[in-house]
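Right, one structure below, let's go through it.
One-based numbering along the sequence shown.
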Amino acid sequence: MFKTWFVYSVTLVATFTFFLCYKMWVSWYCLMLVLLVPVIALLSAILAAASLRYPLEAAGGANIGQPAFIKLTISGFASGFAFCDLKVETTDYMSGEKENLSITINIRGVTEIPVDTSHCGVYSYRVNKLLIYDLFGFFKFSKRLNKDIEFVVRPVPEMPDYVPDVYGFKAKHLRKSGKSNSEIYDIREYQLGDPIKTIHWKMSAKKGRTLVKEPLEEYGGHSRVVLRLTDDRATLDRHLGEVLFTSRFYLDHDTAHIIRVIPPDHREVAYNIESEIDLQKALYSILRMRIPEEAYQNAKKAVAEEANPVEDSHEE
């Protein structure tokens, strides 16, 4: 803006000098035209700022590596006589990193805000404000937008090294049985009220104390899919793809299961998966989990050191 006003001031002085030296209708016309330029610019900027419409549109999500963008359509009265800058703040929920973007556009038309889909996660795009300039760049108006859009970058199913056996989905567990003739049982001390027929006479005689049989039965528990959160985003993307593949494999065979997420701090989070809706909810929750900042920074440092290796004289 300073450059615009400087050029205008020089032009105004030159035009006024021309008017003083050549007092004809042409000089008068030129002087009036130069004087009216800031007024016209101010009016166009005010009209544009007052009548702008800027709806945001986004698909809501995309697969990792898939090109994606948030569409901003700007329209309004006198929109062809103004320009604007978009101020956008992006947040990666998994790493906690924030980035500020500035996008210069013509107000008339459609603007595409690029979305980073290089890693899985949930990203927040916050359009903070719109800076509106007149066509000549004399004046600037600011409009607070504060519009938020969450964008989910989903993993792509990836076959793990080990695929679950079709006949061994459900984990087997034992529990107390109400059937007295069960072939599976546990041995425990006799307690007051236990039926005499449950006494294990041979074991009691051998151990020298009264022992009874406690009937047990097998039951199918939930299969478990384990995901360990890591600060290596490439590795985490691959693990998420393997979890997605395995979980859908279970669902295709009508097998409920549990996804166990183990963060670096070892506080486990479990999700019961019985349908595709449960799986999508679990993935969304996982993709919002925060990777510990210290671990994430260490990972970034390690990547930088690999890119710029330094010789270590003490290395054996």
Inset, instruction - Would you tell me whether Ser102 and Lys87 have side-chain atoms, one donor and one acceptor, within less than 3.5 Å of each other? - result: yes

Inset, instruction - Determine whether Ser124 and Asp148 make a side-chain contact, defined as any pair of heavy atoms from C-beta on separated by less than 4.5 Å. - result: yes

Inset, instruction - Identify the heavy atoms of Asp116 and Tyr125 that sit nearest to each other, and give their distance. - result: N-OH, 3.2 Å

Inset, instruction - Please round to the nearest 0.5 Å and tell me the distance separating atom CE of Met203 and atom NZ of Lys213. - result: 9.5 Å

Legend entry - Test item: Arg233 side-chain N/O and Cys120 main-chain N/O as donor-acceptor pair under 3.5 Å: yes

Inset, instruction - Drop me the distance from Arg126's CZ to Thr91's OG1, to the nearest 0.5 angstrom. - result: 9.0 Å

Legend entry - Flag, side chain of Thr117 to backbone of Gln66, donor-acceptor distance under 3.5 Å: yes

Legend entry - Least distance between heavy atoms, Thr235 atom then Asp232 atom: OG1-OD2, 3.0 Å

Inset, instruction - Could you list the residues that satisfy side chain to side chain donor-acceptor pair (under 3.5 Å) with Gln191, not counting sequence neighbours? - result: none

Legend entry - Shortest non-hydrogen contact between Phe151 and Ala62, atoms and distance: CE2-N, 3.7 Å

Legend entry - Ionic contact status for Arg188 with Glu214, cut-off 4.0 Å: yes

Inset, instruction - Starting at NZ of Lys98, measure out to OG1 of Thr90 and round the result to the nearest 0.5 Å. - result: 8.5 Å

Inset, instruction - State, to 0.1 Å, how close Asn63 and Pro155 come at their nearest heavy-atom pair, and which atoms those are. - result: OD1-O, 4.4 Å

Inset, instruction - Check the pair Lys202, Lys206 against side chain to side chain contact (heavy atoms under 4.5 Å, CB included), reporting the backbone distance first and the verdict last. - result: CA-CA 6 Å; Lys202 185 181 293 187; Lys206 186 177 180 180; 5.8 Å; no

Legend entry - Connected via hydrophobic side-chain network under 4.5 Å: Tyr93 and Leu287: yes

Legend entry - Note, Tyr250 side chain near His257 side chain (heavy atom, < 4.5 Å): yes

Legend entry - Closest heavy-atom pair and its distance - Glu189, Thr210: OE1-O, 3.6 Å

Legend entry - Pairwise side-chain contact, Leu244 with Leu283, heavy-atom cut-off 4.5 Å (strictly under): yes

Inset, instruction - Compare every heavy atom of Leu236 with every heavy atom of Leu229, then report the nearest pair and how far apart it is. - result: CD2-CD1, 3.9 Å

Legend entry - Thr198 side-chain N/O to Val212 backbone N/O, donor-acceptor pair under 3.5 Å: no

Legend entry - 4.5 Å side-chain heavy-atom contact, Ile273 and Ile258: no

Legend entry - Side chain proximity check, Arg209 to Leu211, heavy atoms < 4.5 angstrom: yes

Inset, instruction - Following the transitive rule for hydrophobic clusters with a side-chain heavy-atom cut-off under 4.5 Å over Ile, Leu, Val, Met, Phe, Trp and Tyr, establish whether Leu101 and Val127 coincide in one cluster. - result: yes

Inset, instruction - With the side chain counted from C-beta on, respond yes when Glu89 and Glu99 share a heavy-atom pair under 4.5 Å apart, and no when they do not. - result: no

Inset, instruction - Test side chain to side chain contact (heavy atoms under 4.5 Å, CB included) on Ile259 and Leu279 and set out the steps. - result: CA-CA 9 Å; Ile259 295 179; Leu279 176 58; 3.9 Å; yes

Inset, instruction - Find out whether Val152 and Tyr284 are in side-chain contact, i.e. whether some heavy atom of one side chain is under 4.5 Å from a heavy atom of the other. - result: yes

Legend entry - From CA spacing to verdict: side chain to side chain contact (heavy atoms under 4.5 Å, CB included), Glu158, Arg238: CA-CA 7 Å; Glu158 184 173 342; Arg238 186 178 71 256; 3.3 Å; yes

Legend entry - Derivation of the side chain to side chain contact (heavy atoms under 4.5 Å, CB included) call for Leu227 and Arg260: CA-CA 6 Å; Leu227 171 66; Arg260 296 171 55 200; over 6 Å; no

Legend entry - Under 3.5 Å: donor-acceptor pair, side chain of Asp278, backbone of Glu274: yes

Inset, instruction - Could I get the full list of side chain to side chain donor-acceptor pair (under 3.5 Å) partners for Ser9, not counting sequence neighbours? - result: none

Legend entry - salt bridge (charged side-chain N to carboxylate O under 4.0 Å, His left out) against Glu276, all qualifying residues, sequence neighbours excluded: Arg248

Inset, instruction - Check the surroundings of atom CG in Leu36: do more than 12 heavy atoms from other residues, nucleotides or ligands lie under 6.0 Å from it? - result: yes

Inset, instruction - Decide yes or no for Tyr271 and Val261: does some side-chain heavy atom of the first lie under 4.5 Å from some side-chain heavy atom of the second? - result: yes

Legend entry - Side-chain (Ser247) to main-chain (Val243) donor-acceptor, under 3.5 angstrom: no

Legend entry - Main-chain N/O of His239 paired to Glu242 side chain as donor or acceptor, under 3.5 Å: no

Legend entry - Gap between atom CD1 of Ile64 and atom CG of Leu240 - 0.5 Å precision: 8.5 Å

Inset, instruction - Please determine if Arg288 and Asp92 form a salt bridge, counting it only when a charged side-chain N lies under 4.0 Å from a carboxylate O. - result: no

Legend entry - Flag for Tyr123-Glu97: side-chain donor and acceptor within less than 3.5 Å: no

